[in-house]
Amino acid sequence: MKRWMLCLTVFCCYSWWAEAEIFTSIGQMTDLIFTEQQLVQSLKEYIQAEESKLAAIKSWANRLDALTRTSTADPEGYLAHPVNAYKLMKRLNTEWSELENMVLQDPADGFISNISVHRQYFPDEEDEKGAAKALMRLQDTYKLDPESISKGRLPGVKFNAVLTVDDCYDMGKTAYNEGDYYHTVLWMQQALKQLDEGEEAVVTKSDVLDYLSYSVYQMGDIPRAIELTRRLVVADPNHQRAGGNLRYFEKLYAKEMREREKTEQPPATETPIELGTYDRPPDYLPERETYEALCRGEGVKMTPRRQSTLFCRYNNGKRNPRLIYAPIKEEDEWDHPPIVRYHNFLSEKEMETIKRLSRPKLKRAGVADRKTGGWFIAEYRVSKSAWLMEEDDPVVSRVNQRIADITGLDMQTAEHLQVANYGIGGHYEPHYDFPRMHVNDSNYKTNGNRIATFLNYMSDVEFGGATVFPDVGAAVQPIKGSAVFWYNLLQNGEDDYRTLHAACPVLTGNKWVSNKWIRERGQEFRRRCGLSEVD
């Protein structure tokens, strides 16, 4: 008899997955696509094995069904034939045992083994929560209503994707568990809308109304909370909290009306909750509105008169031998502070080499602790980064030399080349590249402050991902292969607070950048000091 076995496929795993926080890097998330493809293939092999097993059992059953109909019609006559008697002994002693073993054999073992091997590299609960919060960040920054996200109507997308009722409900629950009632309301309302439109779901309408009514109450909208709770009572008359909540909300509303000296309650009407129905709660970032407006392409403060002072030119590094016959295209992006872009700074091959070198080293990017000088993970910086040294590859050394040639600055005290890849809604909120406090900063004590930033764009981004400067109203769009350069310090050595900048959330696309932070030491005769704040 055949033995039915499911092949166990061995997959390649990358050790850096164990870093978790996979959602912070699209570059690392892409490998999960192929892992899922392999798991689907394993699942299909399991289904095929189950079908083969059932086909064999069915064939056995059909054959024995016909045989037993004959044998039970005349048992003695049937067994009078010695061959039949022999085969009966054989079947019951051997073949039925083999059938029992085949039935007991579980083709799922191989599939379960594959799942178990890969589970340690799967995204965890923190990844799912981080991805959900990233969608909400995109929703806020680019003023997207939940329906646009749910229906996949996003700018620059190549593939369509939709959110089901259950997806919207889970988004709302994530916000609720974070105490974020603003986003809970938006996503539970979207889940309710899709349910009302007839979409099938695991979650029930009463589940959605339960979260929605309470979150609306938390937003201070008691009349709407009353109306939604009444819907909840109708949907589930036995709900354990609905009746009590309704009485409590009605009591609060009656008290509110008495305090307003109103004798008549206006009828509560349930109008749809939309983006803008409630004000988004303020947060810790004072320049939030300006920063997000620039990310959307709004509020750029460049006037036609100032625009006329910006030029394009060829830069040969003051007749640098390496640039005389291959000057770099230089374009003024901004005037105050001066920000310049260098077009075609990196070749395709150089960018791919830098990405390849950095992928195994990517780790969640941190920010400096002003008090201790150490590093910690913060939600206002969502990306993964790696540091590349010149010893890693000749390309790194060549890029560093090219930066020195173009800027005229010394790279001996500069930091290593940092590579960053942004994940879902990846961003870095407004910050300065120069440290404002230098406690335990040995690099500062030895090499001085970060005098300048050289930022390479190593991918095009379909939508989002701009570098914006909120205090001056500047926005620089990522262009693959180009680089932008600005000074962080004034010529007198003081911090230039106009360089407050941010990396806007990536709405669609995959953003790769690399940057070089250039330090003060060694620049004394390359960028001379001034006695006043001279650009």
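Numbering of residues begins at 1 and proceeds along the displayed sequence. Bear in mind the structure is a predicted one, so any value in this text is a computation, not a measurement.
Note on ring orientation: taking the six-membered ring where Trp is involved, the planes of Phe454 and Phe345 are tilted (angle from 30° to 60°). Between Tyr342 and Phe485, the ring planes lie tilted relative to each other; the angle falls in the 30° to 60° range. Between Trp486 and Phe469, the ring-plane angle classifies as perpendicular under the 30° and 60° cut-offs.
Gln37 and Gln41 share no donor-acceptor pair across their side chains, judged by distance under 3.5 Å alone. There is a side-chain donor-acceptor pair under 3.5 Å between Thr164 and Asp167. Gln418 and Asn515 form a side-chain donor-acceptor contact under 3.5 Å, judged by distance and modelled atom types alone. Side-chain contact annotation: Ser459 with Asn510, donor-acceptor N/O pair under 3.5 Å absent. In this model, a donor atom of one side chain and an acceptor atom of the other lie less than 3.5 Å apart for Tyr457 and Thr467. Between Thr24 and Arg364, the side chains place no donor N or O within less than 3.5 Å of an acceptor N or O (distance only, hydrogens not considered).
For Glu178, the CD atom is densely surrounded, since the number of other residues' heavy atoms within 6.0 Å is greater than 12. Applying the 6.0 Å contact sphere to CG of Asp279 captures no more than 12 heavy atoms from other residues, nucleotides or ligands. Within a 6.0 Å radius of CZ in Phe34, no more than 12 heavy atoms belonging to other residues, nucleotides or ligands are found. For CD of Glu199, the number of neighbouring non-hydrogen atoms (other residues, nucleotides, ligands) closer than 6.0 Å is greater than 12. Annotation for His431: atom NE2 counts as buried by contact number, over 12 foreign heavy atoms lying within 6.0 Å. Counting heavy-atom neighbours within 6.0 Å of Gln48 CD, excluding the residue itself, gives a total of 12 or less. Around the OH atom of Tyr314, the shell of radius 6.0 Å holds no more than 12 heavy atoms that belong to other residues, nucleotides or ligands.
Residues His336 and Arg498 approach most closely at CB-NH1, 3.7 Å, considering heavy atoms. Pairing each heavy atom of Ala474 with each of Leu294, the nearest pair is O-CD1, 3.9 Å. Listed here is the closest heavy atom pair of Cys295 and Thr141: CB-CG2, 3.8 Å. The two atoms that bring Leu507 and Leu138 nearest to each other are CA-CD2, 3.6 Å, heavy atoms only. Closest approach of Asp180 and Met136 over heavy atoms only: OD2-SD, 4.3 Å. Asn421 and Ser25 make their closest contact through OD1-OG, 2.7 Å (heavy atoms, listed as atom of the first residue, atom of the second, distance).
Interatomic distance, CG of Leu192 versus CH2 of Trp187, reported as 14.5 Å (0.5 Å rounding). Separation of atoms CD1 (Ile26) and OG (Ser383) is listed at 12.0 Å; rounding is to 0.5 Å. How far CG of Leu195 is from CD of Gln190: 10.5 Å, rounded to the nearest 0.5 Å. In this structure, the separation between NZ on Lys384 and CD1 on Ile22 is 6.5 Å, given to the nearest 0.5 Å. The CG atom of Asn488 lies 8.5 Å from the CG atom of Asp495; values are rounded to the nearest 0.5 Å. To the nearest 0.5 Å, the span separating CD1 on Ile451 from CD1 on Ile518 amounts to 8.5 Å.
Every side-chain contact (heavy atoms from CB on, under 4.5 Å) that Arg296 has, sequence neighbours left out, goes to Tyr142, Lys143, Glu292, Ala293, Glu298.
In this structure, the side chain of Asn449 does not engage the main chain of Glu520 through any donor-acceptor pair within 3.5 Å. The backbone N or O of Ala201 lies less than 3.5 Å from no partner atom in the side chain of Asp166, so there is not a single donor-acceptor pair. Side-chain N or O atoms of Asp392 include one that pairs as donor or acceptor with a backbone N or O of Met389 at under 3.5 Å. Without hydrogens or angle criteria, Asp332 side chain to Trp334 main chain gives no donor-acceptor distance under 3.5 Å. The closest donor-acceptor contact from the side chain of Arg341 to the backbone of Glu331 lies at 3.5 Å or more, if one exists at all. Not one N or O on the side chain of Thr508 forms a donor-acceptor pair closer than 3.5 Å with the backbone of Glu462. The backbone N or O of Asp124 lies less than 3.5 Å from a partner atom in the side chain of Asp127, making a donor-acceptor pair. Remark: the backbone N or O of Pro146 is not paired with any side-chain donor or acceptor of Ser150 at under 3.5 angstrom. At least one donor-acceptor pair closer than 3.5 Å links the side chain of Thr30 to the backbone N or O of Gly27. Without hydrogens or angle criteria, Asp393 side chain to Val396 main chain gives no donor-acceptor distance under 3.5 Å.
At a threshold of 4.5 Å between non-hydrogen side-chain atoms, the residues Lys129 and Asn177 do not count as touching. Side-chain contact between Glu128 and Thr174: absent, with no pair of heavy atoms (C-beta onward) separated by less than 4.5 Å. The shortest distance between side-chain heavy atoms of Met411 and Gln401 does not fall below 4.5 Å. Counting only heavy atoms from C-beta outward, the side chains of Met219 and Thr277 never approach each other to under 4.5 Å. Here the side chains of His416 and Glu390 are not in contact, with every heavy-atom distance at 4.5 Å or above. The shortest side-chain heavy-atom distance between Val399 and Lys516 does not fall under the 4.5 Å cut-off. Two residues are said to be in side-chain contact when any heavy atoms from C-beta on lie closer than 4.5 Å; Tyr181 and Tyr278 fail this criterion. Between Glu379 and Glu429 the shortest side-chain heavy-atom distance does not fall below 4.5 Å.
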*Evaluate side-chain contact (heavy atoms from CB on, under 4.5 Å) for Met302 paired with Asp335, printing each intermediate quantity in order.*
CA-CA 9 Å; Met302 179 56 66; Asp335 50 358; 4.1 Å; yes
_For a side-chain contact (heavy atoms from CB on, under 4.5 Å) check, start with the C-alpha distance between Leu285 and Glu287, then their side-chain angles and the critical distance, and finish with the verdict._
CA-CA 6 Å; Leu285 193 63; Glu287 59 272 0; 3.2 Å; yes
*Apply the test side-chain contact (heavy atoms from CB on, under 4.5 Å) to residues Asn456 and Ile354: give CA-CA distance (whole Å), side-chain angles for both, the deciding distance (0.1 Å), then the verdict.*
CA-CA 11 Å; Asn456 302 304; Ile354 292 172; over 6 Å; no
*Applying side-chain contact (heavy atoms from CB on, under 4.5 Å), run through Tyr487 and Thr499 and close with a yes or a no.*
CA-CA 8 Å; Tyr487 282 102; Thr499 61; over 6 Å; no
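Residue pairs meeting the salt bridge (charged side-chain N to carboxylate O under 4.0 Å, His left out) criterion with at least one member in residues 396-416, sequence neighbours excluded: Arg322-Asp405, Glu350-Arg398, Glu350-Arg402, Glu415-Arg450, Glu415-Arg519.
Ring centroid separation for the pair Tyr169 and Tyr176 does not come in under the 6.0 Å cut-off.
Note on Lys355 versus Glu352: salt bridge recorded, some NZ/NE/NH1/NH2 to OD/OE distance being below 4.0 Å. Taking a cutoff of 4.0 Å between a charged side-chain nitrogen and a carboxylate oxygen, Arg359 and Asp31 do not qualify as a salt bridge.
The cationic atom of Lys511 (NZ for Lys, CZ for Arg) lies less than 6.0 Å from the six-membered ring centre of Tyr422 and within 45° of the ring axis.
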